[in-house]
Amino acid sequence: MHDLNEVLRQGHKFDEELARRHHAGLPSTFLSRTGERKAALAQLQAHQAERNQLAAAIGTAKRQGIDTATFEAQGIALRQTVDQLTERVGAIDAELHEILASLPNSLDHEVPPGLNEASNVEKSHSGQIKNFAFPPREHFELGEALGLMDFTTAGKIAGARFTVLRGDLARLERALGQFMIDLHTSKHGYTEIAPPLLVNDATLFGTAQLPKFAEDLFKTTDGRWLIPTAEVPLTNLVSGEIIDVAKLPLRFTALTPSFRSEAGSAGRDTRGMLRQHQFWKVELVSITTPDASADEHERMTICAETVLKELDLPYRRMLLCAGDTGFAAAKTYDLEVWLPGQGTYREISSCSNCHAFQARRMNARYRPAQTGAKPEKPAFVHTLNGSGVAVGRALIAVLENYQNQDSVGFRNQSGH
RNA sequence: GGAUGGGUGGCCGAGCGGUUUAAGGCAGCGGUCUUGAAAACCGCCGUACGUGAAAGCGUACCGUGAGUUCGAAUCUCACCCCAUCCGCCA
């Protein structure tokens with residue numbers, strides 16, 4: 001969410017910013033409506049001041065036993081005016097808030113132009129792509145051949161886009177998740193969190209899944225929502241807070257399931273467990289000051305990359321272009337892992353710096369270090385999130401990259 | 001799900017229709033005193049918006065939202081959350 005005063009201050013520059021995202025820009029009435037609001041608010045406050053004075057005068061008069069009937073008649077008239085103005089200001093506020101809440105974040109100046117993923121820029125790559133002496137198979141072929149990955153039974157008990165894993169494959173998925181979260185807590189300084197997997201409207205508004213992306217989510221019968229990523233509860237841990245600057249950065253991680261309706265992706269990746277309604281993911285979230293967030297973004301991406309390096313999986317780091325960068329993000333790196341079965345790179349992690357965009361929606365602030373006589377004003381934190389990494393996709397990558405002619409052989413330090 | 005009691009500034013806590021501009025305390029900041037510190041004393045000490053060069057002035061906010069009233073932290077209703085007990089439950 002953008003700050004109204006900042007939007008007004010930037011004027012045309014703000015529309016140019018939105019244009020980088022191929023967004024139409026602010027509605028033509030926006031400026032005039034803010035003007036109306038300002039005028040109505042000034043009037044409202046003047047009348048409220050009058051009302052407060054009148055009420056105080058009536059109180060004094062009553063104590064002195066003076067008749068207050070004419071004062072009270074004035075008060076009734078005043079109340080009608082105040083009510084009308086309150087309604088008018090409230091209506092304009094709601095309108096402006098709705099517009100502001102629907103605008104995507106401004107992009108970092110480093111984000112390259114482009115409409116879609118074709119314009120993303122490779123920043124680095126790592127690991128050796130194996131030459132197989134046989135045509136490498138896709139993960140679902142391997143999994144089904146092993147008898148440990150079962151889409152038929154999953155379809156029977158849940159439907160499409162679910163998987164039943166059995167035996168060693170169920171265990172391997174669990175081991176991968178545990179390995180990742182242990183790495184981030186013991187080596188990378190993240191605090192493990194076990195968050196709620198169901199959250200309320202305000203929480204999803206805070207990280208900007210609501211109001212625009214409700215169709216991507218599952219809603220419960222009591223009005224809550226299943227989290228589409230642990231980014232949602234982890235980032236909202238600091239919603240409404242004013243954090244002492246000495247406590248920053250805060251680094252949180254969690255191993256949780258993620259639930260996505262995949263409403264817009266009918267027909268895409270329908271085979272296998274690449275795109276599921278439910279998948280495990282290790283999430284990384286950092287809360288920092290504005291001056292530290294760019295470095296934190298690099299650090300976080302390296303933390304995610306370390307997972308792939310430890311698993312010895314080939315991957316590349318992509319800087320997303322303007323058209324591919326998500327609604328809340330100012331700048332995003334995707335990590336794409338090599339899948340020999342598909343013969344292509346696929347996203348396995350996405351690390352974003354959201355600047356103050358989510359912080360403003362959540363009202364999450366920090367108190368800067370005091371320099372003068374008075375305490376500094378609270379300022380919005382910067383929030384960052386990244387997958388470290390998607391466990392289901394890591395399982396796929398391990399299967400495909402470690403396959404042999406007639407089996408799968410994989411072993412890492414954790415002994416699996 | 002039922003019953004009862006609660007939600008007030010960074011924290012504790014008073015206030016239950018009009019001198020509340022939210023008492024008092026703790027913590028924090030500035031100062032006096034001191035070689036320095038502590039103690040004591042004095043002052044400052046929430047957030048947002050509007051206005052102003054600034055000091056300041058104004059408005060809103062006492063869990064959230066509606067309502068009653070000339071006037072609401074205070075009264076009414078609904079909801080949310082917390083505590084305790086009962087019921088149910090992994």
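In what follows, chains are A, B, ... by sequence order, proteins preceding strands, each numbered from 1.
Taking every side-chain heavy atom of A:Lys38 into account, B:rG50 is the closest of B:rC81, B:rG50, B:rC70. Of the candidates B:rA60, B:rG58, B:rU51, the closest approach to any side-chain atom of A:Asn52 belongs to B:rA60. Among the nucleotides B:rU59, B:rG50, B:rA48, the one closest to the side chain of A:Pro378 is B:rA48. Closest to the side chain of A:Arg367, from the set B:rC70, B:rC49, B:rU47, is B:rU47. With B:rU47, B:rC70, B:rG50 as the candidates, the nucleotide lying closest to the side chain of A:Arg365 is B:rU47.
On the P atoms, B:rC86 is 42 Å away from B:rU68, given to the nearest whole Å.
Side chain of A:Glu400 to main chain of A:Gly341: a donor-acceptor pair is present (N/O by atom type, distance under 3.5 Å, no hydrogens or angles). A:Thr235 contributes no side-chain N or O that, together with a main-chain N or O of A:Val232, makes up a donor-acceptor pair within less than 3.5 Å.
Smallest separation of non-hydrogen atoms from A:Leu248 and A:Thr288: CD1-C, 4.2 Å. Shortest non-hydrogen contact noted between A:Ser258 and A:Lys281 is OG-CE, 3.6 Å.
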Which string of ( ) [ ] | and . matches RNA chain B, if you list each base 5' to 3' and count Watson-Crick or G-U pairs only when both distances are under 3.5 Å? ((((((((.[[[..)..(.....]]].(((((.......))))).((((((....)))))).[[[[[..)....]]]]])))))))....
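A residue-by-residue look at A:Gln53 and A:Gln74 shows that A:Gln53 has its nearest nucleotide of RNA chain B further toward the 5' end. Across the interface with RNA chain B, nearest-nucleotide mapping of A:Arg51 and A:Ala56 shows A:Ala56 to be the residue nearer the 5′ end.
In the region residues 75-85 of chain A, proximity to RNA chain B at under 4.0 angstrom, judged on heavy atoms, holds for A:Gly75, A:Ile76, A:Arg79.
The CG atom of A:Asp93 sits 13 Å away from the C1' atom of B:rG50 (whole-angstrom rounding).
For a distance-only test at 3.5 Å, the side chain of A:Gln45 fails to qualify as a donor-acceptor partner of the base of B:rG50.
In summary, A:Lys331 and A:Asp108 do not engage in a salt bridge, as defined by a charged side-chain N under 4.0 Å from a carboxylate O.
The closest side-chain heavy-atom distance from A:Phe30 to A:Leu96 is below 4.5 Å.
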For A:His2 and A:Phe357, run ring-ring contact (aromatic ring centres under 6.0 Å, His included): C-alpha distance rounded to whole Å, both residues' side-chain angles, the deciding distance at 0.1 Å, then the answer. CA-CA 7 Å; A:His2 296 278; A:Phe357 187 80; 5.7 Å; yes
